[in-house]
Amino acid sequence: MPFESTVVPVDGLELPAWFIPTRDGTPGPGIVLVHGWESGRDRTLPMAQFLHAAGFHCLTFDVRGHGANDAEALPISGGEFGRDALAAFEALLARPEVTRGAISGHSMGAIGAILAGAADPRVDAVVATSGPADPYRLTRQTFRLARLPMPDVIAYPLAWLTTRVYLRPRGHRVAEVSSIKAISTYQGPVLLAHGDEDAVVPLRHFERLRAAAVRSRTGKADAEPVEELVIEGGQHSWLYEFEAYRRSVAGFLAVALGGPYDPEEAADRAAAVPAARLPEADEQFAAVEKGGGVRRLARIALPGATQPDPAIVGPPGPPTT
């Protein structure tokens with residue numbers, strides 16, 4: 001695919017990005033792609049492949065602390081993913097090739113996409129894949145991934161406290177980084193996609209997001225659609241390897257953005273692309289300085305409660321991908 005190296009300016013940072021034009025740069029709709037936790041823009045290239053084929057310009061970037069960026073000294077949460085996704089959307093709309101735009105995000109990137117959509121009425125559509133529902137439940141799930149044996153009567157109050165402690169350094173309030181609250185505010189077309197075998201962000205998060213989105217639009221005659229897709233056998237990542245996912249995303253965006261191809265042709269074009277996951281990197285990195293891993297969050301709540309377990313691969317901090 002043709003591409004241009006560029007940057008997304010935000011909060012004094014310049015986030016590395018790629019703009020990937022389609023149809024020889026003919027003006028038309030564009031999509032911002034937001035990767036997940038401890039990932040990077042390269043991981044979104046399979047998405048860019050099939051969206052490029054379906055006629056959409058794409059802008060993919062490294063969220064702060066990720067990819068080619070330096071690690072951050074302060075915790076990164078949905079607040080930073082949302083802020084950076086919104087800045088990327090503004091950069092997308094500034095392109096002469098782009099007439100209107102949408103945001104597609106995976107996992108923590110899905111939170112970012114929903115938050116950005118709620119913050120800017122120019123976001124004409126949101127695709128949220130494998131998205132967590134709210135910070136408290138995400139923290140509770142992090143405890144499970146870290147294999148911390150505790151009953152719910154202890155785990156839920158502890159998740160409440162831990163989430164607030166984690167968000168405090170950046171001055172966030174829980175409601176500001178909640179997908180459920182944001183999706184209740186965003187009134188544009190939304191597609192929620194999830195794998196039914198997602199062990200990182202279980203399907204119940206999808207169900208809560210769907211319920212909140214539908215509830216906020218009930219009784220509104222001009223309400224935009226809330227579309228849903230559950231991939232049988234789908235896990236947390238790599239849903240783009242399923243033809244049904246590529247068809248649904250491309251067709252949904254073609255309807256929401258008014259082309260450039262009709263929805264059926266866009267879906268066919270996307271389905272024909274053999275999108276496949278990239279090989280894993282030889283070296284992993286941490287988005288936040290001084291350690292990482294799912295258990296880092298647990299140590300905030302229970303100092304000394306756990307020891308590093310190389311068998312567990314997970315994100316540093318409450319957000320997971």
Side-chain angles (χ1 to χ4, degrees), residues 1-36 38-70 72 80-106 108-110 112-113 116-117 119-120 122-127 129 240 246 249-250 253-254 256-261 265-266 269-270 272-279 281 285 287:
M1 297 180 291
F3 75 97
E4 174 188 330
S5 292
T6 183
V7 297
V8 171
V10 57
D11 298 339
L13 302 171
E14 290 190 336
L15 308 178
W18 292 320
F19 177 70
I20 305 170
T22 189
R23 299 179 299 111
D24 296 322
T26 301
I31 317 295
V32 168
L33 302 177
V34 192
H35 62 75
E38 295 228 327
S39 184
R41 62 194 144 132
D42 60 312
R43 301 287 105 179
T44 70
L45 287 178
M47 291 284 297
Q49 278 185 300
F50 78 77
L51 290 173
H52 176 270
F56 301 106
H57 303 300
C58 294
L59 178 70
T60 183
F61 71 104
D62 292 333
V63 173
R64 69 184 73 189
H66 294 73
N69 294 301
D70 293 333
E72 290 281 300
E80 285 62 58
F81 273 80
R83 175 71 179 132
D84 293 354
L86 181 57
F89 182 75
E90 292 169 348
L92 176 77
L93 290 190
R95 302 284 314 194
E97 303 93 338
V98 176
T99 56
R100 57 191 304 193
I103 307 178
S104 173
H106 170 256
M108 276 298 294
D120 192 331
R122 296 175 299 171
V123 178
D124 285 322
V126 166
V127 177
T129 301
Y240 49 71
R246 301 196 298 276
V249 171
L253 290 171
L257 300 178
Y261 300 117
E265 181 177 359
R269 285 173 170 269
V273 175
R277 72 193 76 174
L278 277 65
F285 66 90

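Positions are given from 1 along the sequence. All figures in this text were calculated on a predicted structure; none of them were measured in a lab.
To the nearest 0.5 Å, atom OH of residue Tyr261 and atom CG of residue Leu253 are 14.5 Å apart. To the nearest 0.5 Å, the span separating NE2 on His106 from OG on Ser39 amounts to 8.5 Å. Here CZ of Arg43 is found 11.5 Å from OG1 of Thr60. Values are rounded to the nearest 0.5 Å. If you take SG on Cys58 and CE on Met1, they are separated by 7.5 Å, rounding to the nearest 0.5 Å. Here the straight-line distance linking atom CG of Leu59 with atom CD1 of Ile103 works out to 10.0 Å at 0.5 Å rounding.
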* Verdict with supporting geometry, Arg41 and Leu33, side chain to side chain contact (heavy atoms under 4.5 Å, CB included) -> CA-CA 8 Å; Arg41 62 194 144 132; Leu33 302 177; over 6 Å; no
* To do: Run the numbers on Phe89 and Arg122 for side chain to side chain contact (heavy atoms under 4.5 Å, CB included), then give the verdict.
  => CA-CA 9 Å; Phe89 182 75; Arg122 296 175 299 171; 3.9 Å; yes
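Under the salt bridge (charged side-chain N to carboxylate O under 4.0 Å, His left out) criterion, Arg23 pairs with no residue, sequence neighbours left out. Legend: residues meeting side-chain contact (heavy atoms from CB on, under 4.5 Å) with Pro46, ordered by chain and number and at least two apart, are Gln49, Tyr240, Ala275, Leu278. Qualifying side-chain contact (heavy atoms from CB on, under 4.5 Å) partners for Ala110, counting only residues two or more places apart in sequence or in other chains: Ala128. When the side-chain hydrogen bond (donor to acceptor under 3.5 Å, both in side chains) test is applied to Ser104, no partner is found at least two apart in sequence or on another chain. Judged as a side-chain contact (heavy atoms from CB on, under 4.5 Å), and not counting sequence neighbours, Pro279 has no contacts. Applying the side-chain hydrogen bond (donor to acceptor under 3.5 Å, both in side chains) criterion to Glu90, with sequence neighbours excluded, gives no partner residue. Under the side-chain contact (heavy atoms from CB on, under 4.5 Å) criterion, Ala256 pairs with Ala125, Pro189, sequence neighbours left out. In this structure Asp124 satisfies the side-chain hydrogen bond (donor to acceptor under 3.5 Å, both in side chains) test together with Arg100, sequence neighbours excluded. Listed by chain and number, the residues in a side-chain hydrogen bond (donor to acceptor under 3.5 Å, both in side chains) with Arg95 are Glu4, Glu97 (sequence neighbours excluded).
Using a 4.5 Å cut-off on side-chain heavy atoms (C-beta onward), Pro29 and Thr99 make contact. Counting heavy atoms from C-beta on, the side chains of Phe61 and Val32 come closer than 4.5 Å.
Counting only residues at least two apart or in different chains, salt bridge (Lys or Arg N to Asp or Glu O under 4.0 Å) contacts with residues 50-59 are absent.
Here the closest non-hydrogen pair linking Ala53 and Val273 is CB-CG2, 3.5 Å. In terms of heavy atoms, Ala85 sits closest to Val34 at CB-CG2, 4.0 Å. Heavy-atom minimum distance, His52 versus Pro2: NE2-CD, 3.9 Å. Closest of all the heavy-atom pairs between Phe56 and Ala254 is CZ-N, 3.6 Å. Nearest heavy atoms, His57 versus Thr26: NE2-O, 2.9 Å. Closest approach of Ala266 and Ala54 over heavy atoms only: O-CB, 3.7 Å.
For an aromatic pair to be called close, the ring centres must be under 6.0 Å apart, and Phe81 with His66 satisfies this.
Side-chain atoms of Asp62 do not come within 3.5 Å of backbone N or O of Asn69 as any donor-acceptor pair. Put simply, the side chain of His35 never gets that close to the backbone of Gly109: no donor and acceptor are under 3.5 Å apart.
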Please set out all donor-acceptor pairs under 3.5 angstrom arising from side-chain atoms of residues 5-20, sequence neighbours excluded.
unit_1 : atom_1 : unit_2 : atom_2 : d
Asp11  : OD1    : Arg83  : NE     : 3.3
Asp11  : OD1    : Arg83  : NH2    : 3.2
Asp11  : OD2    : Arg64  : NH1    : 3.4
Asp11  : OD2    : Arg64  : NH2    : 2.8

